[in-house]
Amino acid sequence: MDDVQLYQTAMRHALELPGAQEREYAPGWTAVRVAGKWFMVATELHGRQLINVKADPSDVIALREAYASIGPGYHMNKTHWITITAGEDIDSQFLSELIADSYALIVAGLPKAKRPYLVGNMRSKVAGV
């Protein structure tokens, strides 16, 4: 997956999620939010596309060690966020799963009245897992 594919695929998957909204919050920085909370942030650094997503802290280190295209969250809390860059180890399905997991983490922390779906069914509905 190259930079253009990474960005287009990430945005498509993120914006398909219930209640997802895109918002540019600074020049060159686009956030995708649900109920006002970020679950994905996209930007470019030195000509490379970066996609930041939230991840379960227990998975962050393992993901960074297992995938060359996953690193610490750029300009984010390194305990809770990862940065995804283009690479052969990232495909559309895996990217979709990472985005769905980020979304599910955010929605799980919302008050029930603000949740746009049932949290337990998220991965199967969105990522086809």
Side-chain angles (χ1 to χ4, degrees):
M1 181 174 289
D2 65 24
D3 283 326
V4 172
Q5 292 170 323
L6 178 75
Y7 178 80
Q8 290 175 344
T9 302
M11 292 302 291
R12 184 179 73 249
H13 286 305
L15 292 172
E16 288 174 348
L17 297 168
Q21 297 178 328
E22 177 182 358
R23 178 174 178 259
E24 183 175 73
Y25 68 92
W29 288 81
T30 302
V32 183
R33 307 175 310 162
V34 60
K37 304 274 187 188
W38 296 359
F39 68 91
M40 189 183 93
V41 179
T43 191
E44 191 176 302
L45 178 66
H46 306 300
R48 302 239 21 227
Q49 185 64 53
L50 305 179
I51 303 295
N52 288 339
V53 295
K54 192 163 188 172
D56 189 299
S58 64
D59 296 335
V60 168
I61 293 172
L63 286 166
R64 290 177 13 199
E65 290 175 353
Y67 298 93
S69 298
I70 296 179
Y74 178 69
H75 275 290
M76 305 298 272
N77 180 315
K78 311 295 187 245
T79 301
H80 298 277
W81 290 80
I82 57 173
T83 293
I84 307 162
T85 56
E88 292 181 14
D89 55 343
I90 303 295
D91 63 19
S92 179
Q93 179 65 33
F94 183 47
L95 183 59
S96 174
E97 290 173 13
L98 292 170
I99 292 167
D101 287 349
S102 179
Y103 177 87
L105 285 168
I106 296 302
V107 172
L110 294 173
K112 288 183 181 181
K114 291 188 176 187
R115 293 180 188 176
Y117 71 94
L118 296 173
V119 175
N121 296 327
M122 185 61 237
R123 274 189 98 187
S124 61
K125 285 184 180 179
V126 176
V129 175

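Here the structure is a predicted model, which is why all the values come from computation and not from measurement.
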What one should report as the nearest heavy-atom pair of K78 and P72 is CD-CB, 3.5 Å
I'd like to know if the side chain of [X] and the backbone of [Y] have a donor-acceptor N/O pair within less than 3.5 Å.
X: R115; Y: L110; answer: yes
X: T83; Y: G71; answer: no
X: T30; Y: A42; answer: no
X: N52; Y: Y74; answer: yes
X: Q21; Y: V34; answer: no

So do L50 and T85 actually touch side chain to side chain, heavy atoms under 4.5 Å?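 Yes. Closest side-chain heavy atoms under 4.5 Å.
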Is there a side-chain contact between W29 and V41, using heavy atoms and a 4.5 Å cut-off?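 Answer yes - side chains close enough.
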Count I, L, V, M, F, W, Y as connected when their side-chain heavy atoms are under 4.5 Å apart, and connections chain through other members. Are [X] and [Y] then in the same cluster?
X: I51; Y: L45; answer: no
X: M40; Y: Y67; answer: yes
X: M76; Y: I106; answer: no
X: F94; Y: F39; answer: yes
X: L15; Y: L6; answer: yes

Between Y25 and W38, what is the ring plane arrangement, given parallel below 30°, perpendicular above 60°, and tilted in between? tilted
Could you give me the CA-CA distance, side-chain angles and deciding distance for I70 and I90, then say whether side-chain contact (heavy atoms from CB on, under 4.5 Å) is met? CA-CA 9 Å; I70 296 179; I90 303 295; 4.2 Å; yes
Considering residues at least two apart in sequence or located in another chain, which fulfil the side chain to side chain donor-acceptor pair (under 3.5 Å) criterion with D89?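 D89: side chain to side chain donor-acceptor pair (under 3.5 Å) contacts with S69.
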Decide side-chain contact (heavy atoms from CB on, under 4.5 Å) for L105 and H80; before the verdict, give the C-alpha distance in whole Å, the side-chain angles of both, and the deciding distance to 0.1 Å. CA-CA 10 Å; L105 285 168; H80 298 277; over 6 Å; no
Can you check side-chain contact (heavy atoms from CB on, under 4.5 Å) on S96 and E16, steps first, answer last? CA-CA 10 Å; S96 174; E16 288 174 348; over 6 Å; no
Please step through side-chain contact (heavy atoms from CB on, under 4.5 Å) for the pair V107 and L17, ending with a clear verdict. CA-CA 11 Å; V107 172; L17 297 168; over 6 Å; no
